[in-house]
**Q** 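Handing you this structure, nothing more for now.
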Amino acid sequence: MRPFPLPPFVEERLPSGLTLRAARWGKRPSVAAALLFPGAGSVSAPEGLEGLAEVVADTFLDGTHSRSSRELAEAIDDLALSCDVSAGYDSAVAHMAILERDLDAGLSLFAEVLAQPAFREEEVDRNRRRHVDSLREQRSEPDFLGRERLLAELYPGHPYGRLAATEKGLTSLTAADVQRFFSSRFTFTNATLVLVGPGDEGTLLSAAARAFRTAAPGATPAWAPPSPPAPRSGLSFHLIDRKEAVQTNLLFARPALRRADPLFVAAVVANQSLGGGASSRLFHVLREERGLTYGTYSSVAPRLTAGHFGASIDCRTDATREALAGLLDLIRAFAAEGPTKEEHARSRRYLTGSFAISHETPGALVQDELTRILHGLPEDAWQTWRERVDRVTREEARDVAARFFSPDIGVVTAVGQAAVIRPVLESFGETTVWDADGPQV
Amino acid sequence: MAPQPGVPVVTIDVTYDVGSRVEPPGKTGFAHLFEHLMFEGSENVGKGEHFRRVAEAGGVMNGTTSEDRTNYFETLPSESLDLGLFLEADRMRALVLTQEKLDNQRLAVKEEKRLRIDNQPYASSFETVDALAFDCFAYRHPVIGSMEDLDAASLEDAADFYRRYYAPGNALLCLAGDLDPKGAFESVRRTFGAVPAREVPTPFAVTEPPQAGERRDERTDPHAALPALHVVFKAPPRRHPDLLALTYAEKILGGGESSRLWRRLVKDEEKALSLSLSVDERRGPSLFRIFSVLRPGTRLEELEEDVRRGLETFAAEGPTPAEMERARRMFLSGAVRATQTTQSVAFLLSEYGLYDRDADLWREDFAALLDVTAAEVRDAAARTFVPLRTTVVTVVPDGREG
């Protein structure tokens, strides 16, 4: 295996508690940065205020103490600063990218956005209304309908089970809720700013220190990650009736493992053999041999305290039975037998070799570092990643597949014409039918 | 060849001078269907082996078909350059076509069409726009084609297409990344040098009569929850000075949260849920596109009037100096970010190399872009945003919403 050394991160901590981490990477004069706020994601929104984290994240860009929404937008565009704040499940992240020559001005504006947001009532209301209307548009997309039901059934009653805001939550939340969520969750005490660019790490750190030196620390957020969801049993089938569908979109998922689980690396290697790409088993059999689909893939999707394994296939309506049986049979066989020797060797080579390809840009290193920090992974997690992938044995891949991929438990969702495919789903197991607008039929 | 020291990876791109524009009526979707067949094996590479060998080398690969060209690429750890060159040369020299492969990929492509177009809200309305805006068949029909034409595609069609368009003289090979130019040239000679010359097709020209009046259509979309609006203008081909100027109009009117139309219609007045502007740059006539999904309660006529009035004002008054400066900085920053990967560099050079026979011409164009003046932007907008060149397609949800 050819060495591919990643740069070390240099760290500094500001009096506010904000941790700065910088690394030198890339040849083009552009700097990528991101500020991670653990605990500021959707899992922290109080019950009944679903959508709060998303609205807070959006409203950062709608004005600061000294600038209106429009003035801030102009200042951002004047610098060609790429800047956004987004809420995930376990954290919120603010991303920025800027030409290296404009780094000081870009970081200064980025700090203003994050440390002095105005959260004016009219802007909160505006974003709330937009989220409500967006939900309506999203419900016309088959992928949204499938994932919404899949997560709700996979993590019942758990914050990981919510794909998007809810109309009820959005209409209930107020500007005061937004301000409260900001004050309690977006504090610099346990936040980390990661910067990667082609220049010296010291220069990045001092530019960041200058920009964020006046930011107040805020209270230390008392945040406990969500408890893991309750274990589930059996395989349940859910059909979302999209009457005008010309295709069936099938998803399967089952509980698997969290990112920090020591078996995660073996799960990634095993998944690559089953459904990681065009050379994997699902794609080869279901598309290249049987012509059932354009693409079929599987993946492991970790959260902070849980995670799931999932697979997907889209097929013509009259091939729903064959596609679903094919998908579940292949997963079942893989969970029982694991990868072949050839598949396993190819997956290890693919994952170790393509690592460099996915790390051409500073932004890719920023993303990896955020993952490492959020999930509490060791300092050398990415430096040692390729070696750890390479060391996974075929037996380990088989064992992890047996434990985490088997479709004996989990959820299957089908988005399509219920009038045609309901009997098909019912032949697999008891099926709950849902309206595309949400409620159970 | 663009050596870029840094991360030890290399992108190999082979772009063929064939896109959906060459398809005659009855053969739509064929260029793209054929792209799928190029992954199905050649004389020394079995079915499925292309995917497997690239993965085994730690590489990624794909192909894309547009109206104007088809490209194939592999990004590989740089020590596997020879593998990528071998795979590309082998399928250029001796692709193996069978009825079974054609039937299999026909099914995959039809499913792709359902996935991307037929089963999605708004997607088919983009096909309506092209069919209405263009007179030439080359650009009137969609790259993905029609189900009927895909069903009718035969093995003879495939063999003929390969013979006609996949000649080495009709392709451009571009390498970008961690390369030793001398060694790489030797590898290219060793692999592609063995591909015999074949007859090269005569250059394809798109001729489009001037549009003589506004065109309109209304579509009912069974998948859409909210109405949507397309306002589209016929524009000159790529590299035309007006098209460069129109990229400023795109940024100033719809690029970024401070842009004029986006700010007003999406943010301030809350009439649109989304509003995107784009210059759909083509070798033949291009399109300046505006697409917007409406907020509930907004009438289509009202939004269209707002969009058209915004464009008229822009065409009459032109951009402000601050807007020009902002756009320039966005171009510069965008260009730096868009050339961070070997793949994006290879794509950029391939386009100029194939279309203009001069891969380095992008530098000239980029310098020209930064030199565009506010008056040139205003004048290009005034020439383009005129009723005679306009195509409007409205999308109305069918059923519960709307």
**Q** For the backbone of Val7(B) and the side chain of Lys27(A), can you confirm whether one donor and one acceptor N or O come within less than 3.5 Å of each other?
**A**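 Not a single qualifying donor-acceptor pair exists.
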**Q** So what's closer than 4.5 Å to chain A heavy atoms on Asp178(B): side chain, backbone, both or neither?
**A**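 Contact with chain A: side chain only.
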**Q** Counting heavy-atom pairs under 4.5 Å to chain A, which of Gly334(B), Ala108(B), Ala322(B) comes out on top?
**A**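 Greatest number of close heavy-atom pairs with chain A: Ala108(B).
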**Q** Calculate, to the nearest 0.5 Å, the distance between atoms OG and CG belonging to Ser258(B) and Asp78(A) respectively.
**A**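 CG of Asp78(A) is found 7.0 Å from OG of Ser258(B).
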**Q** Given side chains that start at C-beta, do those of Leu273(B) and Arg130(A) come closer than 4.5 Å, heavy atoms only?
**A**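 They are in contact (side-chain heavy atoms under 4.5 Å apart), so the answer is yes.
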**Q** Is it the side chain or the backbone of Ser134(A) that comes within 4.5 Å of chain B heavy atoms, both, or neither?
**A**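 Interface part for Ser134(A): both.
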**Q** Using a cut-off of under 4.5 Å on heavy-atom pairs, state which of Arg126(A), Glu123(A), Glu342(A), Arg139(A) scores highest against chain B.
**A**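 Option with the greatest count: Arg126(A).
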**Q** CG of Leu226(B) to OG of Ser140(A): how many Å apart, nearest 0.5 Å?
**A**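 Reported to 0.5 Å precision, the distance equals 7.5 Å.
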**Q** Checking side-chain polar atoms at under 3.5 Å, does Ser279(A) have a donor or acceptor matched by the opposite partner on Arg53(B)?
**A**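 No, because no side-chain N or O of Ser279(A) sits under 3.5 Å from a partner of the opposite role on Arg53(B).
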**Q** When you compare the side chain of Val54(B) with that of Tyr350(A), does any pair of heavy atoms fall below 4.5 Å?
**A**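 Tyr350(A) vs Val54(B): side chains apart.
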**Q** What's the verdict on side chain to side chain donor-acceptor pair (under 3.5 Å) for Gln120(B) and Glu141(A), showing C-alpha distance, side-chain angles and the deciding distance?
**A** CA-CA 6 Å; Gln120(B) 300 295 338; Glu141(A) 296 164 7; over 6 Å; no
**Q** When you compare the side chains of Thr339(B) and Arg28(A), does any donor N or O come within less than 3.5 Å of an acceptor on the partner?
**A**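 Checked: Thr339(B)/Arg28(A) side chains pair up, N/O donor to acceptor below 3.5 Å.
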**Q** Would you mind checking which part of Asp143(A) comes under 4.5 Å of any heavy atom in chain B, side chain (CB onward), backbone (N, CA, C, O), both or neither?
**A**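 Neither the backbone nor the side chain of Asp143(A) comes within 4.5 Å of chain B.
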**Q** Is a salt bridge present between Arg2(A) and Glu79(B), judged by a nitrogen-to-oxygen distance below 4.0 Å?
**A**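 Salt bridge present between Arg2(A) and Glu79(B).
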**Q** Chain A heavy atoms under 4.5 Å from Ala228(B): which part of the residue, side chain, backbone, both or neither?
**A**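 It is neither, since no heavy atom gets under 4.5 Å.
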**Q** Name the region of Phe355(A), side chain, backbone, both or neither, that has any atom closer than 4.5 Å to a heavy atom of chain B.
**A**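 No part of Phe355(A) comes within 4.5 Å of chain B.
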**Q** Quiz question: by atom type and distance under 3.5 Å, do the side chains of Arg263(B) and Ser69(A) form a donor-acceptor pair?
**A**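 Yes, side-chain donor-acceptor contact under 3.5 Å.
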**Q** Check the orientation of His36(B) and Tyr294(A). Use parallel for under 30°, tilted for 30 to 60°, and perpendicular for over 60°.
**A**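 Taking Tyr294(A) first and then His36(B), their aromatic rings sit tilted (interplane angle of 30° to 60°).
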**Q** Okay, side chain of Asp314(A), backbone of Leu115(B): is any donor-acceptor separation there less than 3.5 Å?
**A**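 Checked: no pair found.
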**Q** Heavy-atom distances under 4.5 Å only: say whether Ser280(A) touches chain B with side chain, backbone, both or neither.
**A**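 For Ser280(A), no heavy atom lies under 4.5 Å from chain B.
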**Q** Hey, does Thr361(A) have a side-chain heavy atom less than 4.5 Å from the side chain of Thr341(B)?
**A**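 Thr341(B) vs Thr361(A): side chains touch.
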**Q** Is any side-chain heavy atom of Ser30(A) closer than 4.5 Å to one of Arg337(B)?
**A**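 They are in side-chain contact.
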**Q** Select, from Gly6(B), Pro296(B), Ser80(B), the one with the greatest count of heavy-atom pairs under 4.5 Å involving chain A.
**A**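 So the answer, after comparing Gly6(B), Pro296(B), Ser80(B), is Pro296(B).
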**Q** Could you check which of Ala245(A), Ser347(A), Ala345(A) has the highest count of heavy-atom pairs closer than 4.5 Å to chain B?
**A**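 Between Ala245(A), Ser347(A), Ala345(A), the count favours Ala245(A).
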**Q** Give, as side chain, backbone, both or neither, the part of Ala319(A) having an atom under 4.5 angstrom from any heavy atom of chain B.
**A**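 Neither part, no heavy atoms under 4.5 Å.
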**Q** If you define the side chain from C-beta out and look only at heavy atoms, does anything of Arg70(A) sit under 4.5 Å from Lys267(B)?
**A**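 No, too far: nothing below the 4.5 Å cut-off.
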**Q** Might you confirm whether atom CD of Glu269(B) has over 12 heavy atoms from other residues, nucleotides or ligands at distances under 6.0 Å?
**A**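 Check passes, neighbour count above 12.
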**Q** If we define contacts as heavy-atom pairs under 4.5 Å, which of Val266(B), Val60(B), Thr342(B), Val293(B) has the most with chain A?
**A**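 Counting heavy-atom pairs under 4.5 Å, the top option is Thr342(B).
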**Q** Would Glu288(A) and Lys47(B) count as a salt bridge (Lys or Arg N to Asp or Glu O under 4.0 Å) if you check the C-alpha gap in whole Å, the side-chain angles of each, and the deciding distance to 0.1 Å?
**A** CA-CA 9 Å; Glu288(A) 293 295 296; Lys47(B) 181 173 161 73; 3.4 Å; yes
**Q** Taking it one step at a time, do Asn104(B) and Arg287(A) satisfy side chain to side chain donor-acceptor pair (under 3.5 Å)?
**A** CA-CA 8 Å; Asn104(B) 172 254; Arg287(A) 169 172 144 163; 5.9 Å; no
**Q** Looking at side-chain heavy atoms only, is the closest gap between Asn119(B) and Asn249(A) below 4.5 Å?
**A**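 They are in side-chain contact.
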**Q** Answer yes or no: is there an ion pair linking Asp102(A) with Arg329(B), defined by an N-O contact shorter than 4.0 Å?
**A**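 Yes, Asp102(A) and Arg329(B) are salt-bridged.
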**Q** Charged N to carboxylate O under 4.0 angstrom, Asp77(A) versus Lys251(B)?
**A**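 So Asp77(A) does not pair with Lys251(B) through a salt bridge.
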**Q** Between the side chains of Gln343(B) and Glu360(A), is a donor N or O closer than 3.5 angstrom to an acceptor N or O?
**A**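 The criterion, which ignores hydrogens and geometry beyond distance, is not satisfied for Glu360(A) and Gln343(B).
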**Q** Who among Met330(B), Glu257(B), Arg114(B) has the most heavy-atom pairs with chain A under 4.5 Å?
**A**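 Going by pairs under 4.5 Å, I would pick Arg114(B).
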**Q** Evaluate the criterion side chain to side chain contact (heavy atoms under 4.5 Å, CB included) for residue pair Leu107(B) and Leu292(A); output intermediate values, then yes/no.
**A** CA-CA 7 Å; Leu107(B) 288 169; Leu292(A) 286 169; over 6 Å; no
**Q** Does the side chain of Ile357(A) come within less than 4.5 Å of Pro77(B)'s, by heavy atoms?
**A**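 Yes, side chains in contact.
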**Q** Using non-hydrogen atoms and a 4.5 Å limit, figure out which bit of Gln4(B) sits close to chain A: side chain, backbone, both or neither.
**A**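 Contact with chain A: none, neither part.
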**Q** Pick from Glu289(A), Arg349(A), Gln247(A): which one has the most heavy-atom pairs with chain B under 4.5 Å?
**A**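 With the most close heavy-atom pairs to chain B, the winner is Gln247(A).
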**Q** Go through the atoms of Arg101(A) and report whether side chain, backbone, both or neither lie under 4.5 Å from a heavy atom of chain B.
**A**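 Contact with chain B: side chain only.
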**Q** Considering only heavy atoms and a distance below 4.5 Å, find which of Glu325(B), Arg106(B), Arg116(B) pairs most often with chain A.
**A**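 Counting heavy-atom pairs under 4.5 Å, the top option is Arg116(B).
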**Q** Quick one: what part of Arg129(A) sits under 4.5 Å from any heavy atom of chain B, side chain, backbone, both or neither?
**A**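 Interface part for Arg129(A): both.
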**Q** Given that the side chain runs from C-beta out, which part of Ile76(A) has a heavy atom under 4.5 Å from chain B: side chain, backbone, both or neither?
**A**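 No part of Ile76(A) comes within 4.5 Å of chain B.
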**Q** Check Asp133(A) with Arg295(B), please: is the shortest side-chain N to carboxylate O separation under 4.0 Å?
**A**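 Looking at Asp133(A) together with Arg295(B), the answer is yes, because their closest N to O distance falls below 4.0 Å.
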**Q** Any side-chain heavy atom of Glu111(B) within less than 4.5 Å of one from Arg316(A)?
**A**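 Yes. Closest side-chain heavy atoms under 4.5 Å.
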**Q** Between Gly255(B), Ala57(B), Gly59(B), Ser274(B), which has the largest tally of heavy atom pairs under 4.5 Å with chain A?
**A**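 Ranked by heavy-atom pairs under 4.5 Å with chain A, first place is Gly59(B).
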**Q** Please flag which part of Ile98(A) lies under 4.5 Å from any non-hydrogen atom of chain B: side chain, backbone, both or neither.
**A**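 Only the backbone of Ile98(A) comes within 4.5 Å of chain B.
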